[in-house]
Amino acid sequence: MHMLKHLGASLWLLVLTVVLCSVLYPLALVLIGQTFFRHQAQGSLLDDRGNLVTDPARARGSRLIGQPFKGDEYFQPRPSNAGNSGYDASASGASNWGASNPLLRSRVARQLGPIVKYRSDSPTKPGKPVRDDVEAWFKMTVKDNPELVRDWALEHPALAEQWVKENTEAVQQWVKDNADGFALALGRSEEEIRNNLDWSARFFFILFVQRYPGSWPTVEEQTLVDPETRKSKTIKGIKPVEDGPDVQAYCFELWLQANKDPIQKGTILLEQVPADMVMSSGSGLDPHLTLKSARYQLKNRVAEKQAQRLLETDLTVARLLEEAKKETDASKRKQIEEKIDVAKAQVRKQLEDRLGKTLEQRVTEEIEKLLLEKREAPLGGLVGVDLVNVLELNLAMDARMRMLNHE
Amino acid sequence: MVLTPKGFAMWHVWSLPALIVGTTIVLSIPIGLYLAWIVDGRYQPPRWLRWLEKRVDTGAQDWKQYAMALVLFNTIMFLFGFALLQAQALLPLNPDQRGTLFPTTVFNTAASFLTNTNLQHYSGEQHLSYFSQLAVICWNMFVSAAVGFCSLAAVTRGLRGDPHMGNYYLDMWRVVVYVFLPISLVTGVFFITQGQPATLDGIAEVRTVEPDAMGTGEDGKPMPQKISRGPVAPIIPIKHYGTNGGGFFGANSAHPFENPNALTNYITCVNILIFPFSLVIMFGRMLHNMRHAAVIYGVMLTLFLSMMTWAIYWDTLHANPGLEGQDVTARGAAVEIQKLVPLPVDQELGNLEGKELRFGTSAGATFSAVTTSVTCGSVNCMHDSLNPLAGLTPFTGMWLNCFFGGKGVGLINLLVFLIIGVFLAGLMVGRTPEYLGKKVEAREMKLAMLAFLIHPILILAPTGLFTATAWGEQSTSNPGAHGFSEILYEFSSSSANNGSGFEGLQDTYGLADNPNPAPRSKHWDIATGLVMLFGRFIPIIAPLALAASLARKKQTPFTTGTLRTDTLTFAFVLLGTIVLLGALTFMPAAVLGPVAEHFGSIPFGR
């Protein structure tokens, strides 16, 4: 009897709270949201003019969710660890790497390599990007030590392991294609190698450097056409390189350490990159950049590219570009490209004569105005620095550049 | 490198915590008084509500009946949660077709939400349907939060010397319906206006501005950005009011849909803190001893503010040392690790790894202190990436678990420290220790020690086990001391019923058909599931018995020799007891984890 009373009350409590907390309460909020605040309730989606919409088919992103931008003409958001390749808004997440984790430092160094510049007051090469020097350093170093990449992998096992992990598909394909070499070096049969790809991949760098001494491995997409079905398929393959983004990225830290003395003595001064450009966010979906980073990107990349884009909208240039795209013969294409350069220079001169300043200056002016219009700060600046919403900014910039073009 | 921001930038760092704490203190007084009014049954609801109240009211209960009712209802909660989660694939409101969860994950999740821990060995947007989110997660958030609340109400009645402990079911009803539901509804509407989704539609697939920004699919066509949404706004208010902390999305309150801007972040922090702060006021009101409550409030606030300052100092006012490199020159060591050249990064805003920008400069560090001192477990930055010493703040919050601690249970934990403190002080002056006019004797001390000791045992024993075996080694995602910290954090968070994590730990199995689950996720599911259950119920039931035992005793007359519990002196006794006991128990683990990482070579083991 006593127990029954308890059970009865428990069940009443269960049913009542479920009805209230899991049915009526959420229903009320969803109804209120859908009726009065429909845009927010549907995820703050934006169309290509930057207006709020509720239909995903018309949307180009969400105001609240960071979106990747890869082109140099756009402001690029922070690095992201959401999903496998970043900015996957159905798999939010972070690196979760502690300060002592070598992967963190390595990731940041790789992001820095292609963008870092010497300071304008640096005694060496003021204002120049370091990437060319990093490539030159690599080419020089591998002359003495063609096995550089293997030494790197042995000295930094965590980084090498991560490299293989990030490029598993390509590495495993490479192991399959080079199973004979692996079999010979590791004293196993080719079949064993093919059947234990995970295991074999650990020896990737050692074998790679035997096949391609003096180079660095990079992964590129290769298009294969199936001879029977004639369908094309893109796969990832390993390619040895001596320069390019991967060398700039991976060898930046090696270059930095090799220049320890001049850096400490102050004969090499490097410009500091704003931290939010190289440190990934908690959700992997941070929609913002600091205003400082945006200005950094504007100065170093965006203005120049936007100016180029303006030139390319000129009718003559656009026609030539179209021609160059269609042209299959390499030497003819080169001729057309020369023509393009001449045409661009002409247009530029006309424009700059009229403006009384360089095209880049004019573009920078316009985008700087936009930055000031678009900046926002946490609690009106009470608790944090000025920020810009990258998606909104890029959409507004596209519109502004169209206006400038008409002008 | 210590950062010394000047002028306005320095103001940015301290304005947010000041705003959060100030608002909470002011609000805690009226809300505390309101809570006492509700819990003491002085609110007369309209007739239809009274009819419903009657359904659950089984009459006055002694401590055993109260504890039995609590255990019975929690068993039903567990069965209910387990069944619905396991059947997820068969149930409605599943627009993104989430499949069946692996059984150990279901066990872990049912235990986690039942115990108000909200440790998540799954990722909300990837593994749960909207039905699971609303029927299991949202419901548990309301009800499990009320459990701690009710236990405190019962313990307080015992200490007050009431003839009975109240009625468990009625207490639950009052807290859920008269406190949590109305305040959550109002907050939810506000959050929707700020951008939290409130929809039953599934993922929105949008074309990106740059067509191939998300890459191209197998067919060569550009991929859309898939944006998960759902009924987020109903869950977030109670997630914080109930100090639950289980996010709708994997990234928790760092996700822009859970926490769209600096204003929601500020309000979220106040939401997390408000009930733990107010309950001290309620306690004082119910005991008719506000001075005593003020002493407790002051001690809790002192500890809380110092831990918060610590986190901000080490995380916001220090650059991430990983980018700078750190040398180690141990005397007599064979290998000397030289400092690397610092990377050219401008870290004027402190450590930004795992932080969002929109909340404000010190928001990540502030939130990490807020969420772990009151067992919420929500996060707006990734604790795994906090600077090593800043990581001590969440650890300490969970270890001591009493400033202010979870709603109800935090204050109960503090009362345990208080009984121990009274006992120590009593011994020092050679008098029988007493609390609120009741003698503290062997039985009470045994119960207090049981409640105190279970926590470190539940943390340190399994941490040792997992660290020594492959179970831990194969699960950490960071090397060296930081890997140890990940294991330690997981069990600290489970036993403290906190629920946040050093999320790099590989503990997610995911759906039952996942071909590549984390290798040791089953071990983690079961071990932390058990720790959460023991860590929840023993520290609730032992103090219930303790309070009942005190209630039965005769009131000793108040004399000049009585150890007063409402003075500054006693505040120091209490503070000393907490710090001393906490340090004695957890210092070795702290030294092996965050402290070793701080002094060791950075980066570690390249």
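By convention in this document, chain letters (A, B, ...) are assigned in the order of the sequence lines, proteins followed by strands, and residues within each chain are numbered from 1. Every value quoted in this text rests on a predicted model; they were computed, and no experiment measured them.
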Please determine, among [options], the option with the most heavy-atom pairs under 4.5 Å with chain B.
options                       : result
A:G83, A:A94, A:G33, A:S10    : A:S10
A:D55, A:T290, A:N259, A:V385 : A:V385
A:A28, A:S22, A:S100          : A:S100
A:N389, A:L104, A:V278        : A:L104
A:E271, A:K260, A:Q42, A:M277 : A:Q42
A:V116, A:V108, A:I32, A:I65  : A:I65

With chain A as the partner, which of [options] has the greatest number of non-hydrogen pairs under 4.5 Å?
options                       : answer
B:G360, B:G215, B:P321        : B:G360
B:H482, B:K355, B:H598        : B:K355
B:L72, B:L16, B:L263          : B:L72
B:V177, B:I76, B:L185, B:V176 : B:L185
B:L200, B:V209, B:I227        : B:V209
B:M214, B:M172, B:Q196        : B:M214

With only heavy atoms counted, which part of [X] is less than 4.5 Å from chain B, the side chain, the backbone, both or neither?
X      : answer
A:L45  : side chain
A:L31  : neither
A:L64  : both
A:A59  : both
A:F36  : neither
A:R119 : neither
A:V18  : both
A:L7   : both
A:R78  : side chain

For this session: Could you check B:R207 against A:D48 for side-chain contact (heavy atoms from CB on, under 4.5 Å), going step by step and ending with a plain yes or no?
Result: CA-CA 10 Å; B:R207 279 182 307 140; A:D48 49 11; 5.6 Å; no
Minimum side-chain heavy-atom gap [X]-[Y] below 4.5 Å:
X      : Y      : value
A:M3   : B:M68  : yes
A:M279 : B:N351 : yes
B:L19  : A:L379 : yes
A:V30  : B:T199 : no
A:P287 : B:P256 : yes
B:N478 : A:L103 : no
A:P56  : B:E205 : no
A:L270 : B:L343 : no

Hey, is [X] close enough to [Y] for a salt bridge, meaning N to O under 4.0 Å?
X      : Y      : result
B:R358 : A:E376 : no
A:K292 : B:D346 : yes
A:R60  : B:E210 : no

Under a 4.5 Å heavy-atom cut-off, does chain A meet the side chain of [X], its backbone, both or neither?
X      : value
B:P224 : neither
B:P260 : both
B:E348 : side chain
B:V345 : both
B:I203 : side chain
B:F191 : neither
B:S253 : neither
B:E53  : neither

Which atom names give the shortest non-hydrogen contact between [X] and [Y], and what distance separates them?
X      : Y      : answer
A:L13  : B:V56  : N-CG1, 3.9 Å
A:Y25  : B:C138 : CE2-SG, 4.2 Å
A:P68  : B:A213 : O-CB, 3.4 Å
A:S95  : B:E353 : OG-OE2, 2.6 Å
A:N96  : B:S477 : O-OG, 4.3 Å
B:P344 : A:L256 : CD-CD2, 4.5 Å

Exercise. Do you see a donor-acceptor pair shorter than 3.5 Å between the side chains of B:W139 and A:T17?
Worked result: yes
Problem set entry | Residue pair B:T208 / A:Q67, side-chain donor-acceptor N/O under 3.5 Å | no
For this session: Start with the C-alpha gap between B:Y169 and A:H6, add the side-chain angles, then the distance that decides, and say whether ring pair (Phe, Tyr, Trp, His ring centres under 6.0 Å) holds.
Result: CA-CA 9 Å; B:Y169 306 107; A:H6 271 288; 5.8 Å; yes
Exercise. Passes side-chain contact (heavy atoms from CB on, under 4.5 Å), B:F142 versus A:L20? Steps please.
Worked result: CA-CA 10 Å; B:F142 276 100; A:L20 284 171; over 6 Å; no
For this session: Determine, stepwise, if the pair B:E125 / A:S90 fulfils side chain to side chain donor-acceptor pair (under 3.5 Å).
Result: CA-CA 6 Å; B:E125 74 264 43; A:S90 59; over 6 Å; no
Exercise. B:T193 and A:Q40: side chain to side chain donor-acceptor pair (under 3.5 Å), yes or no, with the steps?
Worked result: CA-CA 7 Å; B:T193 67; A:Q40 292 96 318; 5.9 Å; no
Exercise. Is there a side-chain contact (heavy atoms from CB on, under 4.5 Å) between A:S281 and B:L357 once you walk through the steps?
Worked result: CA-CA 8 Å; A:S281 65; B:L357 294 172; over 6 Å; no
Exercise. Does NZ belonging to A:K70 count more than 12 external heavy atoms closer than 6.0 Å?
Worked result: yes
For this session: Can you establish whether the number of heavy atoms outside A:R38 located under 6.0 Å from its atom CZ is more than 12?
Result: yes
Problem set entry | CA sep, side-chain torsions, deciding dist, call: A:L285, B:F257, side-chain contact (heavy atoms from CB on, under 4.5 Å) | CA-CA 10 Å; A:L285 303 171; B:F257 278 161; over 6 Å; no
